[in-house]
> 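I'd like to ask you about the structure that follows.
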Amino acid sequence: MEKTVLVWITNPAACELIVRAGKKISDELEAELMVASIQRKIRDDWESTVTDLEALSNASRKVNAELTVIYSDNTFEAAVKTVRDVKPIAMVTGVPGNLNKNLFIEQLQKFDNTVPIYTIDSRGNALKLSQNT
């Protein structure tokens, strides 16, 4: 099985920076790049959802990666299943903007604190989070 860097994206405005940084990290680690987005199963505004997914997909294509969309109303459960299946050597996310995103990263760290997590800021800089959580 190949080594994989797993990039989590949801925000269309920040996805290009996150995906580019994930690509750089995957190149440095000589690993495959997997870009994933967890979307809720039920959406009221399909037009907005389609526009968001197009932006996420385009960002992925620019670095020759495919976007994997996971539909689930339980974000953490879907993330854990994906991490178990993929067994990434590193994960990449955006900088947490609110309590739910902080919680997502914290839960990922607690689930498997052996996998380094990098957060990407608005300038594309990567910060490797401490694994001693």
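Atoms considered below: every heavy atom in the structure, side chains included; atoms not considered: hydrogens, waters and symmetry mates. Sequence positions, counted from 1, serve as the residue numbers for this chain.
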> For Ser122 and Leu17, work out which heavy atoms get closest and say how close.
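So the two residues come closest at O-CD1, 3.0 Å.
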
> If you round to the nearest 0.5 Å, how far is CZ of Arg61 from CG of Leu56?
11.0 Å

> Quick one: do Val86 and Phe111 end up in the same hydrophobic cluster if we chain Ile, Leu, Val, Met, Phe, Trp and Tyr together by side-chain heavy atoms under 4.5 Å apart?
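Yes: a chain of side-chain contacts under 4.5 Å links Val86 to Phe111.
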
> Please examine the side chains of Ser37 and Leu67, heavy atoms only from C-beta on, and report whether any two atoms are closer than 4.5 Å.
yes

> In a check of side-chain contact (heavy atoms from CB on, under 4.5 Å) between Lys23 and each of Val92, Leu33, Val35, which one passes?
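In the set Val92, Leu33, Val35, the residue that makes a side-chain contact (heavy atoms from CB on, under 4.5 Å) with Lys23 is Leu33.
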
> Within the distance-only criterion (no hydrogens, no angle test), does the side chain of Asn58 pair as donor or acceptor with the backbone N or O of Glu54 below 3.5 angstrom?
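Pair found, side chain donor or acceptor close to backbone of Glu54.
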
> For Glu28, I'd like to know if atom CD has over 12 heavy atoms of other residues, nucleotides or ligands within 6.0 Å.
yes

> Once you round to the nearest 0.5 Å, how far does CG of Leu129 lie from CG of Asn113?
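Output value for this atom pair is 12.5 Å.
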
> Is it the case that the side chain of Lys3 and the backbone of Leu29 share a donor-acceptor pair, with hydrogens and angles ignored and the cut-off at 3.5 Å?
yes

> How far apart are the C-alpha atoms of Thr75 and Gln107, what are their side-chain angles, what is the distance that settles it, and do they pass the side-chain contact (heavy atoms from CB on, under 4.5 Å) test?
CA-CA 11 Å; Thr75 303; Gln107 289 174 324; over 6 Å; no

> Is there a chain of hydrophobic side chains (I, L, V, M, F, W, Y, each step under 4.5 Å between heavy atoms) that links Ile89 to Tyr118?
yes

> Going only through I, L, V, M, F, W and Y residues with side-chain contacts under 4.5 Å, is there a path from Ile25 to Val7?
yes

> Decide yes or no on side chain to side chain donor-acceptor pair (under 3.5 Å) for Asp112 and Thr114, but give the supporting numbers first.
CA-CA 5 Å; Asp112 188 345; Thr114 65; 2.4 Å; yes

> Please determine whether side-chain contact (heavy atoms from CB on, under 4.5 Å) holds for the pair Ile70 and Lys81, giving the CA-CA distance in whole Å, both sets of side-chain angles, and the decisive distance to 0.1 Å.
CA-CA 10 Å; Ile70 303 157; Lys81 181 181 181 330; over 6 Å; no

> Return the minimal non-hydrogen interatomic distance between Pro88 and Leu6, and the atom names on each side.
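That would be CB-CB, 3.9 Å.
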
> Measuring from Asp85:CG to Thr4:OG1, what's the distance to the nearest 0.5 Å?
11.5 Å

> List the steps and the verdict of side-chain contact (heavy atoms from CB on, under 4.5 Å) for Trp8 and Thr82.
CA-CA 11 Å; Trp8 296 105; Thr82 303; 3.8 Å; yes

> Quick one: closest heavy-atom pair of Thr93 and Ile18, and the distance?
C-CG2, 4.2 Å

> Verify side-chain contact (heavy atoms from CB on, under 4.5 Å) between Val19 and Lys62, making sure each step is shown before the conclusion.
CA-CA 9 Å; Val19 170; Lys62 286 182 181 179; over 6 Å; no

> Do Leu127 and Ile117 land in one hydrophobic cluster if side-chain heavy atoms of ILVMFWY residues count as linked below 4.5 Å?
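Yes, Leu127 and Ile117 fall within the same hydrophobic cluster.
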
> List the atom of Ala21, the atom of Ile120, and the distance in Å for their closest heavy-atom pair.
CB-CD1, 3.4 Å

> Test of understanding: clusters of I, L, V, M, F, W, Y form through side-chain heavy atoms closer than 4.5 Å, transitively. Do Leu108 and Val115 belong to the same one?
yes

> I need the minimum non-hydrogen distance between Ile38 and Ala79, along with the two atoms involved.
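Ile38 and Ala79 have their closest heavy atoms at CD1-N, 3.7 Å.
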
> Please report the interatomic distance OG1(Thr119) to CD1(Ile105), rounded to the nearest 0.5 Å.
6.0 Å

> What are the two closest heavy atoms between Ile9 and Cys15, and how far apart are they?
CD1-CB, 4.1 Å

